[in-house]
Amino acid sequence: MDTKAFKRSLNQSENYHRKGFGHQADVEVVLKSEYESDLIKEIRDRNYTLTRGDVTIRLAESFGFCWGVERAVAIAYETRQHFPTERIWITNEIIHNPSVNQRLREMNVNFIQVENGVKNFDPIDCGDVVILPAFGASVQEMQLLNDKGCTIVDTTCPWVSKVWNTIEKHKKKDYTSIIHGQYKHEETVATSSFADKYLVVLNMAEAQYVADYILNNGDSPAEKLQRRTEFLVKFSNAYSEGFDPDVDLEKVGIANQTTMLKTETEAIGKLFERTMMKKYSTAELNDHFQSFNTICDATQERQDAMFKLVDEPLDLMVVIGGYNSSNTTHLQEISIEHQIPSYHIDSDIRILADNQIEHKPLAKDLEITKNWLPPGKITVGVTSGASTPDRVVEATIERIFATKSAG
């Protein structure tokens with residue numbers, strides 16, 4: 001499929017919209033009332049610090065809603081206002097935040113159901129309005145909705161679209177796109193749908209495995225076959241159909257899921273640059289390697305703020321955001337790497353009575369920790385993912401204060 005031509009054609013369609021519908025002023029008033037917080041403004045004005053009783057809150061200097069998220073939510077609200085009687089659907093969560101998605105449900109926005117791991121588009125009819133979320137939708141989904149005669153409202157973050165443009169550049173020169181991301185994540189699913197050939201690597205360890213394969217995939221035919229088989233098993237579901245590591249890793253380009261750790265994406269890019277120079281030569285590098293900066297500014301700013309915050313003397317850290325939010329999880333990782341007791345919660349209701357908290361440790365299910373706030377004077381670091389409204393951060397901070405004072 002010529003994805004570039006399809007997108008160009010879609011952009012010219014009367015049924016395709018990438019901007020609002022002229023209701024920005026009305027929606028801005030609603031969003032401020034539902035999601036902004038006077039307490040958070042106060043903490044910002046106090047140099048990101050607030051003390052009540054024995055608790056000092058240290059807020060990260062960059063956190064919460066990013067521009068792309070604000071834009072997506074605003075367009076979704078405008079869509080409901082502009083189409084007051086039409087059936088409206090969304091192909092996935094608009095952003096990874098339970099309270100925002102619940103609010104859309106209350107506004108009678110339908111979420112496409114997933115059955116046995118597959119989205120069911122059957123209930124959508126011609127003339128229905130369908131919103132594409134901030135992290136985008138696959139080309140195949142867009143084509144299906146276009147063929148159905150739907151009105152498509154595309155809230156895809158421009159940073160995600162920038163990555164798609166990079167994928168198109170890879171395709172133009174027959175490069176395989178190596179995507180740093182989570183192969184099941186909605187954004188990576190959308191990004192990979194634009195590629196002819198791709199391989200998704202989760203982290204530096206997987207990237208190093210691929211680099212080692214490029215440099216040495218075995219001496220004897222039997223060893224080559226064994227290594228190839230191992231490779232395809234290891235990355236099962238994370239590469240394009242018909243992917244052949246012995247052929248498709250000769251020319252590679254780097255892309256990323258925009259919410260991954262900036263430092264790791266950069267390190268992976270450098271790794272493959274060195275690998276291709278070693279495999280071929282410096283003079284031939286441009287024939288075998290391409291890299292463009294596709295790291296989201298907002299993600300980078302929040303990670304930089306987190307690195308600054310964990311250098312402060314903190315007793316513990318609270319990270320607020322959806323459990324399926326990649327950028328929130330990476331903020332949690334930074335805290336853990338600095339050996340700070342850290343609690344990832346998706347809303348203030350996870351702070352329970354009797355000094356208990358229900359939280360999600362990395363790569364584990366939810367669990368309850370008792371006596372999570374230690375006695376005496378404490379300093380609590382607080383940050384939130386790019387999909388978390390300030391109002392949720394405020395409610396969390398208030399519960400921390402209330403829990404400590406009740407103790």
**Report entry** Ring centres under 6.0 angstrom apart (Tyr213, Tyr209)
**Finding:** no
Query - Test item: Arg399 side-chain N/O and Ile351 main-chain N/O as donor-acceptor pair under 3.5 Å - result: yes
Query - Check against side-chain contact (heavy atoms from CB on, under 4.5 Å), Ser161 and Lys7 - result: CA-CA 11 Å; Ser161 299; Lys7 278 289 287 178; over 6 Å; no
Query raised in the report: Counting distance only, does the side-chain N/O of Lys148 pair as donor-acceptor with the main-chain N or O of Ile124 below 3.5 Å?
Result: yes
Report task. In plain terms, say whether Glu266 and Lys270 are close enough for a salt bridge, that is, a side-chain N and a carboxylate O under 4.0 Å apart. Result -> no
Report task. Working to the nearest 0.5 Å, report the span between CG of Asn120 and CD of Gln113. Result -> 8.5 Å
**Report entry** Short side-chain to backbone donor-acceptor contact, Glu78 and Gly22, under 3.5 Å
**Finding:** yes
Requested in this report: With rounding to the nearest 0.5 Å, note down the distance linking NE2 in His170 to OG1 in Thr176.
Outcome: 10.0 Å
Query raised in the report: Going by an N to O cut-off under 4.0 Å, is there a salt bridge joining Glu312 and Arg58?
Result: yes
**Report entry** Smallest separation among heavy atoms of Arg80 and Phe83, with atom names
**Finding:** NH2-O, 2.6 Å
Query - Check against side-chain contact (heavy atoms from CB on, under 4.5 Å), Phe63 and Asp390 - result: CA-CA 9 Å; Phe63 65 94; Asp390 284 0; 3.6 Å; yes
Query raised in the report: Taking the side chain as C-beta and beyond, is there a heavy-atom pair between His82 and Val153 under 4.5 Å?
Result: no
Report task. Identify the heavy atoms of Asn97 and Thr388 that sit nearest to each other, and give their distance. Result -> ND2-CA, 3.8 Å
Query raised in the report: Is there a donor-acceptor pair under 3.5 Å between the side chain of Gln356 and the backbone N or O of Ile368?
Result: no
Query raised in the report: Between Asp125 and Cys150, which heavy-atom pair has the shortest distance, and what is it?
Result: O-SG, 3.8 Å
Query raised in the report: Checking Tyr239 side chain against Leu232 main chain: does a donor-acceptor pair fall under 3.5 Å?
Result: yes
Query raised in the report: Hey, are Glu230 and Lys234 close enough for a salt bridge, meaning a charged N less than 4.0 Å from a carboxylate O?
Result: no
Query raised in the report: Are Val319 and Met306 close enough that some pair of their side-chain heavy atoms sits under 4.5 Å apart?
Result: yes
Query raised in the report: Are Phe289 and Tyr280 close enough, and set up right, to give a ring-ring contact (aromatic ring centres under 6.0 Å, His included), and what steps lead you there?
Result: CA-CA 10 Å; Phe289 176 78; Tyr280 301 99; over 10 Å; no
Query raised in the report: Is the shortest side-chain N to carboxylate O distance from Asp174 to Lys251 below 4.0 Å?
Result: no
Query raised in the report: Hey, is CZ on Arg46 packed in by over 12 heavy atoms from elsewhere, all under 6.0 Å?
Result: no
Report task. Verify the ring-centre separation between His96 and Phe135: is it less than 6.0 angstrom? Result -> yes
Query raised in the report: Under a 4.5 Å cut-off applied to non-hydrogen side-chain atoms, are Met317 and Val310 in contact?
Result: yes
Requested in this report: Tell me, yes or no, whether the heavy-atom count around Lys162 atom NZ, taken from other residues, nucleotides or ligands under 6.0 Å, exceeds 12.
Outcome: yes
Report summary line: Closest heavy-atom pair, Ala190 versus Trp164, reported as atoms and distance to 0.1 Å, is CB-CZ2, 3.8 Å
Report task. Mark yes or no for whether Ser335, through its side chain, and Gln332, through its backbone, hold a donor-acceptor pair below 3.5 Å. Result -> no
Requested in this report: Return the minimal non-hydrogen interatomic distance between Val160 and Ala134, and the atom names on each side.
Outcome: CG2-O, 4.1 Å
Query raised in the report: How far apart are the C-alpha atoms of Leu249 and Phe231, what are their side-chain angles, what is the distance that settles it, and do they pass the side-chain contact (heavy atoms from CB on, under 4.5 Å) test?
Result: CA-CA 12 Å; Leu249 293 175; Phe231 185 104; 4.0 Å; yes
Requested in this report: Check the surroundings of atom CG in Asp311: do more than 12 heavy atoms from other residues, nucleotides or ligands lie under 6.0 Å from it?
Outcome: yes
Requested in this report: Indicate yes or no: does Asp354 engage Lys370 in a salt bridge with an N to O separation below 4.0 Å.
Outcome: no
Query - Test: Lys262 and Glu301 ion pair at under 4.0 Å - result: no
Query raised in the report: Less than 4.5 Å apart, any side-chain heavy atom of Tyr16 and any of Asn146?
Result: no
Query raised in the report: Any chance NZ of Lys278 has more than 12 other-residue heavy atoms, nucleotides or ligands included, within less than 6.0 Å?
Result: no
Report task. Taking the side chain as every heavy atom from C-beta outward, state whether Met107 and Tyr77 have any pair of such atoms under 4.5 Å apart. Result -> yes
Requested in this report: Drop me the distance from Trp89's CH2 to Asn110's CG, to the nearest 0.5 angstrom.
Outcome: 4.5 Å
Query raised in the report: Rounded to the nearest 0.5 Å, how far apart are CE of Met260 and CD1 of Ile179?
Result: 11.5 Å
Query raised in the report: Under 6.0 Å from the CD atom of Glu106, do we count more than 12 heavy atoms belonging to anything else shown?
Result: yes
Report task. Begin from the C-alpha positions of Phe307 and His338 and carry the test side-chain contact (heavy atoms from CB on, under 4.5 Å) through to its verdict. Result -> CA-CA 9 Å; Phe307 279 115; His338 285 74; 4.0 Å; yes
Requested in this report: Quick one: sort the His344 and Tyr323 rings into parallel, tilted or perpendicular, breaks at 30° and 60°.
Outcome: perpendicular
Query raised in the report: Could you give the distance from OG1 (Thr275) to CG (Leu285), rounded to the nearest 0.5 Å?
Result: 10.5 Å
Requested in this report: Taking the side chain as every heavy atom from C-beta outward, state whether Pro389 and Glu34 have any atom pair closer than 4.5 Å.
Outcome: no
Query raised in the report: Got a donor-acceptor contact below 3.5 angstrom from the Asn203 side chain to the Ala205 backbone?
Result: yes
Query - Which atom of Tyr175 lies closest to which atom of Gly253, heavy atoms considered - result: CD2-N, 4.0 Å
Report task. Could you tell me whether the side chain of Asp346 and the main chain of Gly321 form a donor-acceptor pair under 3.5 Å? Result -> no
Query raised in the report: Would Asp154 and Thr156 satisfy side chain to side chain donor-acceptor pair (under 3.5 Å), going step by step from the backbone distance to the final call?
Result: CA-CA 6 Å; Asp154 189 352; Thr156 302; 2.5 Å; yes
Query - Main-chain N/O of Val129 paired with Thr151 side-chain donor or acceptor, under 3.5 Å - result: no
Report task. Check whether any side-chain heavy atom of Arg8 lies under 4.5 Å from a side-chain heavy atom of Gln12, and answer yes or no. Result -> yes
Query raised in the report: Roughly how far, to the nearest 0.5 Å, is the OG1 atom of Thr396 from the CZ atom of Phe401?
Result: 12.0 Å
Report task. Could you tell me whether a side-chain N or O of Arg391 sits under 3.5 Å from a main-chain N or O of Ser33, the two making a donor and an acceptor? Result -> yes
Requested in this report: Consider only side-chain N and O atoms of Asp212 and Gln208, and report whether a donor and an acceptor are under 3.5 Å apart.
Outcome: yes
Query raised in the report: Should Phe65 and Val100 count as side-chain neighbours, where that means a heavy-atom distance under 4.5 Å?
Result: yes
Report task. May I ask you to check whether Gln257 and Ser326 show a side-chain donor-acceptor distance below 3.5 Å? Result -> yes
Requested in this report: Would you please say whether a donor-acceptor pair under 3.5 Å links the side chains of His359 and Thr369?
Outcome: yes
